[in-house]
Amino acid sequence: MKKRTWAGRRVWLLGASSGIGAALAGQLSQAGAEVIISARRADALAMVAHGHERMIALPCDITDADACQQVATDIAREYGDIDTVIINAGQCEYMDVAVFDAALVQRIHAVNFQGAVNVVAAALPLLRKAPAHKGPCIMAVSSLATRLPFTRAEAYGASKAALDYFLASLSVDLHAEGIEVITVSPGFVETPMTAQNDFAMPWQLPAGEAAQRIVQGFCRGKRWIAFPWPLVMVLGILSRLPLSWQVAIARRMARAQATNPHEVTS
Ligand SMILES: NC(=O)c1ccc[n+]([C@@H]2O[C@H](COP(=O)([O-])OP(=O)(O)OC[C@H]3O[C@@H](n4cnc5c(N)ncnc54)[C@H](OP(=O)(O)O)[C@@H]3O)[C@@H](O)[C@H]2O)c1
């Protein structure tokens, strides 16, 4: 694996106004990167950027392809290029199949999948302008949820599974241009997103620690950054079982979750 460094990098980080992204923005800046942060909430971005000389905020909704292009144009005018784009923006809503809601699936896909596609479309011309020695790369935050068909995750899990495939396919096709593609698959992390969860979240990490794993995984040259390792191991084994076994296990977990929300999933 080729070692990498954050020092001297110019990073466009989307989804930086809270949680993992806000922690990551601070750590990248400390590691010597120039960071352009985006998300919808301008006030929250300003707070993240506060006190960091080499961090600027350019708000943007990634479901809006034109807005992504506009930010990319602003970056191009100001800096010329970027060598790293990190697509961390994401949303989670759980499905209740009793009131199956196609609009919910569409909402989540619009951010987690189509939003990532919009960002890649806007960022690619800037990445292509970066000098080859900088090692241009696209990193996106998916989820370990794609390893098993979890209950109520029809929208979230499917959007992240689509993202995984998109990234893997991109990494095949961008290889010849020297643009690397990195997938990040976290387990449970303590953020505003998981604050809504009413079930047990084994091996949950604080957002700062999750950000640290991403920062370090990148420097070690990893193409897949997954954490925490106990959950990676457990889900790695379960995901190799026949689909009928995976579904049976997930059904048991769903039943246990319905009976006692705080003694499950592990
Ligand atoms: N927390 C976990 O356990 C966990 C586990 C696996 C994967 N992940 C993934 O990690 C990433 C970060 O999540 P988090 O846990 O840190 O949650 P979070 O605190 O809710 O952060 C989500 C970020 O995405 C931004 N965002 C949401 N919709 C957006 C949109 N349409 N356009 C632009 N930005 C948007 C939010 O900012 P604005 O609201 O200001 O737009 C915020 O900065 C997500 O992709 C999530 O799926 C999280």
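For ligands, and for the atoms within them, numbers begin at 1 and follow the listed sequence. Just so you know, these numbers come straight off a predicted model, no measurement behind them. Side-chain atoms are counted along with the backbone in the values below, which use heavy atoms only and exclude waters and symmetry mates.
- Scanning for ring pair (Phe, Tyr, Trp, His ring centres under 6.0 Å) contacts around F227 gives an empty result, with sequence neighbours left out.
- Taking a heavy-atom cut-off of under 4.0 Å, ligand 1 is surrounded by G15, A16, S17, S18, G19, I20, A39, R40, R41, C60, D61, I62, T63, N88, A89, G90, Q91, V111, V141, S142, S143, Y156, K160, P186, G187, F188, V189, T191, P192, M193, T194.
- Counting heavy atoms from C-beta outward, L104 and Y94 have side chains that stay 4.5 Å or more apart.
- The side chain to side chain donor-acceptor pair (under 3.5 Å) test with R10 singles out one residue from D83, T84, D81, and that residue is D81.
- Counting heavy atoms from C-beta on, the side chains of Y156 and S143 come closer than 4.5 Å.
- With salt bridges taken as basic N to acidic carboxylate O contacts below 4.0 Å, one links R107 and E93.
- Checked by atom type, the side-chain pair Q114/N118 shows a donor-acceptor distance below 3.5 Å.
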